[in-house]
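Below is one structure, written out as structure tokens; comments come after it.
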Amino acid sequence: MAEVVRNKQVIFKDYVNGYPTVSDMVVTSDATILLELPEDDGGLILVENLYFSCDPYMRNRMTKAMEGSYIDSFTHGSVPYSGYGVPRILDSSHPNFKKEDLVWGLVNWEEYGLIKDTSSIIKIQHTDVPLFYYRGILILIDFCNALGMPGMTAHVGFHKICSPKKGETMFVSSASGAVGQLAGQFAKLFGCYVVGSVGSQEKVDLLKNKFGFDEAFNYKKEQDLNIALNKYFPNGDIYFENVGGKMLDEVLRNMRLNGCIVVCGMISQYNLAQPESIHKLFLLVMKRIRMEGFIVFDHYHEYPKFIEMILPLIHEGNITYVEDITEGLENAPAALIGLNSGIYVGKQVVAIAH
Ligand code: NAP
């Protein structure tokens, strides 16, 4: 006799304008789910979710319609959040997926779920890599055997968009975050001099002692960002932009002629009802700076190349990775909101106990 259990879910209540709070989401156990597939279900997969990834882009999906957005907003009301996660298969009638398989892909923020569309999930093959790397480094999407999110983002941003040269100086903002820590390590392995900015002394120490950055500073403690950048990144070659706002203005003043700014994200702007103005954009002209944005989704076809590059680096210990794991689905809203405050160190993940 199949067991019917309560299914804990995170429900997105309504669209947010400004800083989101925990009360913008509600965790309920109202729904129930049968832990067995019905006969003739047409290829459904029943999963238990093990991990969820908290990512800054999810904040943008909490806004009703973001101008120029490449991704849909969440549906508010009854539908659980969706984001990247690692589920284990409990039951499957799909020919390509079987019980006990671990998969990676887009899942709803709930304990158990039914997956109909397998184009958004992929089986985890490299099981000799710690499972959590799949949420951060090895994030896969079907179709073009694609891989995305932090690791792939750092790879595309640094190796492809920056066009780096050995010996160049790179500055990374939000440098201990999921993307920043890898972008910095890729640049170090490539032979760059790497500087990072972060929001605490603990993170400064992490950059220098664990990730091998040459220099790091706490942007929250600097009275004048221009002075700090002039000290650590004078006449700099490459800026790996993760935060936007005031930092971008001050970096522009400290870039060299013909330097490059790769625009990965602007997390300092996502919660502002009115984004900050950038005052020194004319320096792009004066200094002939190339400034280029990108979206990782456009580069998924590069996945096989990325896997080929990253797996040996992980195995040989040349790339390291820090995560902050929050336990329990009931704490998922706080974990997601925590991305904005910087209280977590490294990639933010929620682990679901079963
Ligand atoms: P993350 O850096 O781990 O984000 C969380 C961290 O951001 C916090 O711990 C905090 O660190 C920092 N932060 C939060 N609010 C800030 C503010 N107002 N000013 C400065 N720093 C702030 O996130 P991630 O996943 O690695 O993403 C980094 C950036 O890349 C984000 O902008 C994201 O949107 C972008 N992204 C882009 C793509 C793409 O395809 N282009 C893909 C993935 C991510 P501190 O303690 O250091 O302040």
Side-chain angles (χ1 to χ4, degrees), residues 18-20 52-63 66 68-71 83-84 135-137 139 141 146-158 160-162 171-186 195-207 211 213 216-222 225 239-251 261-272 275-276 292-300 302 321-326 335-349:
Y19 274 80
F52 296 126
S53 168
C54 298
D55 294 295
Y57 80 94
M58 294 170 78
R59 166 63 188 88
N60 297 333
R61 300 189 70 187
M62 294 167 83
T63 298
M66 198 177 175
S69 185
Y70 57 92
I71 195 162
Y84 293 104
R135 296 184 312 268
I137 296 181
I139 289 181
I141 284 199
L147 174 150
M149 297 310 294
M152 184 69 181
T153 304
H155 163 63
V156 170
F158 176 70
K160 213 170 156 188
I161 313 288
C162 288
F171 171 56
V172 192
S173 52
S174 197
S176 69
V179 175
Q181 55 177 285
L182 286 162
Q185 289 180 81
F186 289 152
V195 178
S197 68
V198 280
S200 71
Q201 185 57 43
E202 181 193 3
K203 292 181 181 180
V204 167
D205 295 342
L206 187 71
L207 293 192
F211 299 138
F213 281 49
F217 64 90
N218 177 354
Y219 69 92
K220 290 181 180 166
K221 288 279 181 212
E222 297 292 339
L225 284 177
Y239 174 39
F240 196 105
E241 163 72 300
N242 282 322
V243 302
K246 176 91 179 142
M247 183 67 88
L248 174 56
D249 252 334
E250 300 307 335
V251 168
I261 300 178
V262 51
V263 187
C264 177
M266 296 194 171
I267 195 169
S268 75
Q269 305 299 296
Y270 300 165
N271 299 311
L272 304 180
E276 289 172 301
E292 184 174 342
F294 72 100
I295 292 291
V296 68
F297 300 164
D298 299 338
H299 299 266
Y300 280 155
E302 308 252 327
Y321 202 65
V322 169
E323 290 200 318
D324 208 326
I325 300 186
T326 296
L336 185 62
I337 300 301
L339 283 176
N340 303 315
S341 62
I343 54 169
Y344 299 110
V345 182
K347 169 79 196 142
Q348 186 57 36
V349 167

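In listed order, ligands and their atoms are each counted from 1.
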Any N or O of Gly199 that comes nearer than 3.5 Å to an N or O of ligand 1?
-> yes
If you scan protein heavy atoms around atom 6 (C) of ligand 1, the nearest is Ser174 OG, 3.5 Å
Geometric N/O contact Lys220 with ligand 1, under 3.5 angstrom = no
What protein heavy atom sits nearest atom 26 (O) of ligand 1, and how far away is it?
-> Val179 N, 2.7 Å
Do me a favour and list the nearest non-hydrogen protein atom to atom 23 (O) of ligand 1 with residue, atom name and distance?
-> Pro56 CG, 3.2 Å
Taking the minimum heavy-atom distance to atom 16 (C) of ligand 1, which of Val262, Ile267, Leu182, Leu272 ranks first?
-> Ile267
Considering only heavy atoms of Met266, which atoms of ligand 1 have at least one such atom less than 4.0 Å away?
-> 32 (O)
When rounded to the nearest 0.5 Å, the distance separating SG of Cys162 from OH of Tyr239 is 11.5 Å
Residues Ile267, Asn242; criterion side chain to side chain contact (heavy atoms under 4.5 Å, CB included); working and verdict = CA-CA 6 Å; Ile267 195 169; Asn242 282 322; 5.6 Å; no
Closest heavy-atom approach to atom 37 (C) of ligand 1 among Gly151, Cys264, Ser341 is made by Cys264
What atoms of ligand 1 come within less than 4.0 Å of a heavy atom belonging to Gly342?
-> 8 (C), 9 (O), 10 (C), 46 (O)
Hey, is the main chain of Lys203 close enough, under 3.5 Å, to the side chain of Gln201 for a donor-acceptor pair?
-> no
Please state which part of Ser268 comes within less than 4.0 Å of ligand 1, counting heavy atoms only: side chain, backbone, both or neither.
-> both
Whether Phe217 and Phe171 hold their rings parallel, tilted or perpendicular, with breakpoints at 30° and 60° | parallel
Rounded to the nearest 0.5 Å, what's the gap from CG on Leu248 to CG on Leu225? Could you check?
-> 11.5 Å
Report yes if some heavy atom in the side chain of Ser176 is under 4.5 Å from a heavy atom in the side chain of Val322; otherwise report no.
-> no
Could you tell me whether the side chains of Ser53 and Lys347 share a donor-acceptor contact shorter than 3.5 Å?
-> yes
Atom 48 (O) of ligand 1 [closest protein heavy-atom partner, distance rounded to 0.1 Å] | Tyr219 OH, 2.5 Å
Any N or O of Phe294 that comes nearer than 3.5 Å to an N or O of ligand 1?
-> yes
Report yes if some N/O of Ser200 lies less than 3.5 Å from some N/O of ligand 1; otherwise report no.
-> no
Test item, Tyr270 contacting ligand 1 (heavy atom, 4.0 angstrom) | yes
CA sep, side-chain torsions, deciding dist, call: Ser197, Met247, side chain to side chain contact (heavy atoms under 4.5 Å, CB included) = CA-CA 10 Å; Ser197 68; Met247 183 67 88; 3.5 Å; yes
With no hydrogens and no angle check, is any side-chain donor or acceptor of Gln269 less than 3.5 Å from a backbone partner on Glu276?
-> yes
If we number the atoms of ligand 1 from 1 as shown, the ones under 4.0 Å from a heavy atom of Gly265 are 32 (O), 35 (C)
the protein heavy atom lying closest to atom 38 (C) of ligand 1 turns out to be Thr153 CG2, 3.6 Å
Heavy-atom side-chain contact between Tyr321 and Leu182 under 4.5 Å | yes
Could you check which of Val345, Asn242, Asn340 puts a non-hydrogen atom nearest to atom 29 (C) of ligand 1?
-> Asn242
To the nearest 0.5 angstrom, please state how far the CE atom of Met58 sits from the CD1 atom of Ile337.
-> 10.0 Å
Given Ile71 and Phe297, is the side chain to side chain contact (heavy atoms under 4.5 Å, CB included) satisfied, shown in steps?
-> CA-CA 10 Å; Ile71 195 162; Phe297 300 164; 4.1 Å; yes
With heavy atoms and a 4.0 Å threshold, my read on which part of Val296 contacts ligand 1 is both
What atoms of ligand 1 come closer than 4.0 angstrom to any heavy atom of Tyr344?
-> 9 (O)
Give the atoms of ligand 1, by number and element, whose distance to some non-hydrogen atom of Leu339 is under 4.0 Å.
-> 5 (C), 6 (C), 7 (O), 8 (C), 14 (C)
How many angstroms lie between CG in Leu206 and CD in Gln181, if you round to the nearest 0.5 Å?
-> 7.0 Å
Any idea which protein heavy atom is nearest atom 11 (O) of ligand 1, and the distance to it?
-> Lys203 NZ, 3.4 Å
Within 4.0 Å of some non-hydrogen atom of Ala178, the atoms of ligand 1 are 3 (O), 25 (O), 26 (O)
Looking at CZ of Phe158 and OG1 of Thr153, how far apart are the two atoms once the value is rounded to the nearest 0.5 Å?
-> 15.0 Å
Under 3.5 Å between some N or O of ligand 1 and some N or O of Val243?
-> no
For ligand 1, which atoms sit closer than 4.0 Å to a heavy atom of Gly177?
-> 1 (P), 2 (O), 3 (O), 26 (O)
Heavy atom of Ser176 under 4.0 Å from ligand 1?
-> no
Straight-line distance of Met266 CE to Ser173 OG, nearest 0.5 Å = 9.5 Å
